[in-house]
Amino acid sequence: MSSLKIAVLHNAYGAYSGEEAAVERVVHLLRLRGHDVNVYWRSSAELAQLPLGKIRAFAAGIFAPGSRAAIRHFLDRHAPALVHFHNLFPLISPSVLPIFRETGIPAVMTVHNYRLVCPTGLCMSKRTFRICEESCGGKEYRCILRNCEANMPKSIGYALRNWTARILRLFLDNVAVYMCLTRFQRQCLIREGFPADRIEVVPNMADDSGPMADAGGAGAYVGSVGRISPEKGLHLLLAAARELPDISFRVAGSWDRASRLLDGAPPNLRCLGFVDPESVPGFLRDARFTVLCSTWFEGFPMTVVEAMAAGKAVIASRIGGLPELVEDRVTGLLFEPGNARDLSAKIRYLWDRPDLCRRMGQAGRQKALREYSPDRYYERLMAVYEKAIRLGPPRRAHHPTSGHDAQRLTTEGAK
């Protein structure tokens with residue numbers, strides 16, 4: 001495809017996250033390939049500086065006239081051939097979406113989480129930290145009744161903004177193509193009434209420039225990379241470490257918002273705190289393999305792909321889209337979600353077989369280079385852009401407003 005003028009929109013979260021890193025990689029790749037990219041970037045960190053910030057965030061999630069004016073001016077100024085947006089909540093606001101139709105600019109959306117079908121975006125209750133789909137299928141009010149955010153004002157705000165977007169068909173009527181990260185995620189949208197012919201699967205890309213990690217031996221510990229929060233299943237890793245006192249565990253991730261999770265950590269498990277990206281390759285090099293114990297569906301955890309690209313086997317929960325990344329007994333092992341005993345057994349099995357770890361790590365690296373390289377990502381992305389430009393903004397046609405009769409999602413990955 002020849003050079004395009006592309007507008008990228010993203011509302012960053014308060015703290016830097018994998019989603020921001022993914023957006024930055026895409027912008028960098030597009031510019032590297034000769035495209036003219038203009039970025040409209042807001043950050044939720046702004047809320048702390050704004051008068052009545054929380055109230056303004058609540059209102060903007062539903063309707064934001066100031067943001068609409070800013071986006072219209074941005075598009076008039078840059079005249080893009082296509083808009084590629086990521087997160088719009090809360091400051092950009094989904095109320096800007098009709099502008100794309102009005103200006104005839106096709107829009108592509110990268111679906112990083114489950115916010116199109118669940119008000120919290122996680123399909124998980126923050127009160128219980130268990131999978132919860134009660135608010136899906138056009139039942140946003142249950143997010144309020146169940147107080148899914150464990151914070152009633154937030155639960156009300158999240159429910160109202162999802163309800164408004166669904167009733168006004170802001171996403172259904174104004175997005176040309178949805179880019180899901182996994183087949184599982186794609187099935188989630190289809191079950192909720194989103195048109196299958198406008199949903200493509202485009203996994204995130206990994207950096208393929210580094211060499212395969214070589215620990216100079218079997219690897220000194222079981223590694224885990226990522227933020228320390230309840231949905232990441234740290235309690236399962238702690239339980240496994242207690243059951244396997246002869247194995248060393250290392251956890252690289254910030255715990256400032258969840259320090260209580262580390263209470264009672266056994267002496268063979270060490271939490272390193274935040275590890276800067278430049279130090280992650282060294283952390284992976286010295287690990288025998290890595291573990292992801294998530295108890296929620298996950299989007300597309302880059303920590304898994306980065307470990308695979310470094311030639312490390314991965315043990316992961318058999319949940320959501322994770323089985324699409326980690327092929328059981330090929331690039332790693334899968335364990336039953338929430339089952340600490342099964343996790344312990346899989347860790348022991350792999351720890352005692354360093355040669356198998358190496359073979360799985362090699363298979364994982366081959367998969368990462370084949371499926372998640374920047375070249376492969378760019379190829380898929382250009383196919384989506386071509387489709388979006390060919391289709392243009394979606395025609396106004398009857399689609400189910402929500403998946404009221406949708407089957408409940410399973411904790412198994414999409415087959």
- Message: Is it the case that the ring center of Phe300 lies less than 6.0 angstrom away from the ring center of Tyr372?
- Response: yes
- Message: Determine whether a donor-acceptor pair (N or O, by modelled atom type, separation under 3.5 Å) exists between the side chain of Thr103 and the backbone of Phe100.
- Response: yes
- Pairing of Arg166 and Glu140 as salt bridge, 4.0 angstrom limit: yes
- Item | NZ/NE/NH1/NH2 to OD/OE distance under 4.0 Å, Asp286 and Lys312 | no
- Task: Working to the nearest 0.5 Å, report the span between CG of Leu97 and CZ of Phe85.
- Result: 5.0 Å
- Query: Do Glu298 and Leu292 have side-chain heavy atoms sitting under 4.5 Å apart?
  - Reply: yes
- Message: Quick check with a 6.0 Å cut-off and a 45 degree axis cone: is Arg186 positioned over the face of Phe184's six-membered ring?
- Response: no
- Query: How far apart are the C-alpha atoms of Gln185 and Tyr114, what are their side-chain angles, what is the distance that settles it, and do they pass the side chain to side chain donor-acceptor pair (under 3.5 Å) test?
  - Reply: CA-CA 8 Å; Gln185 198 178 45; Tyr114 301 91; 4.8 Å; no
- For residues Val314 and Val291, determine if any side-chain heavy atom of one lies less than 4.5 Å from a side-chain heavy atom of the other. no
- Query: Does NZ or CZ of Arg376 lie under 6.0 Å from the centre of the six-membered ring of Tyr378, at an angle within 45° of the ring axis?
  - Reply: no
- From CA spacing to verdict: side chain to side chain donor-acceptor pair (under 3.5 Å), His84, Tyr385: CA-CA 9 Å; His84 184 171; Tyr385 284 1; 2.7 Å; yes
- Going from CG on Leu343 to CG on Asn339, what distance comes out if it is rounded to the nearest 0.5 angstrom? 8.5 Å
- State the CG-SG distance between Asn113 and Cys188, to the nearest 0.5 angstrom. 11.0 Å
- Could you tell me whether Arg318 and Glu336 have a side-chain N and a carboxylate O separated by less than 4.0 Å? no
- Query: Salt-bridged, Arg72 to Glu102, with N to O below 4.0 Å?
  - Reply: yes
- Can you find a heavy atom in the side chain of Arg358 that is under 4.5 Å from one in the side chain of Asp355? yes
- Message: As an exercise, state the distance from CD1 of Ile144 to OG of Ser135, rounded to the nearest 0.5 Å.
- Response: 9.0 Å
- Query: Just by modelled atom types, is the Gly226 backbone N or O under 3.5 Å from a matching donor or acceptor in the Thr303 side chain?
  - Reply: no
- Glu324 side chain to Arg183 backbone, donor-acceptor under 3.5 Å: yes
- Task: Check the pair Phe283 / Tyr221 against ring pair (Phe, Tyr, Trp, His ring centres under 6.0 Å), numbers first and verdict last.
- Result: CA-CA 10 Å; Phe283 178 86; Tyr221 51 78; 5.4 Å; yes
- Message: For His112, is there any backbone N or O sitting under 3.5 Å from a side-chain donor or acceptor partner on Thr110?
- Response: no
- Would you call Arg390 and Glu386 a salt bridge, taking side-chain N to carboxylate O under 4.0 Å as the test? no
- Message: Let's go through His86 and Glu20 carefully: what are the C-alpha distance in whole Å and the side-chain angles of both, what is the deciding distance for side chain to side chain donor-acceptor pair (under 3.5 Å) to 0.1 Å, and is it a yes or a no?
- Response: CA-CA 9 Å; His86 298 263; Glu20 272 70 69; over 6 Å; no
- Is it true that a side-chain atom of Thr290 and a backbone atom of Ser224 form a donor plus acceptor pair closer than 3.5 Å? no
- Item | Student check: side-chain heavy atoms of Leu181 and Val111 closer than 4.5 Å | no
- Item | Check: Thr331 side chain, Val326 main-chain N or O, donor-acceptor pair, under 3.5 Å | no
- Task: Give the C-alpha distance, both sets of side-chain angles, the deciding distance and a yes or no for side chain to side chain donor-acceptor pair (under 3.5 Å) between Asn11 and Ser44.
- Result: CA-CA 7 Å; Asn11 192 128; Ser44 294; 3.2 Å; yes
- So, Lys367 and Glu327, do they make that salt bridge, N to O below 4.0 Å? yes
- Between Arg130 and Glu231, is there a salt bridge with N-O shorter than 4.0 Å? no
- Salt-bridge present (Glu306, Arg25; N to O < 4.0 Å): yes
- Message: As an exercise, state the distance from CD1 of Ile131 to CH2 of Trp296, rounded to the nearest 0.5 Å.
- Response: 8.5 Å
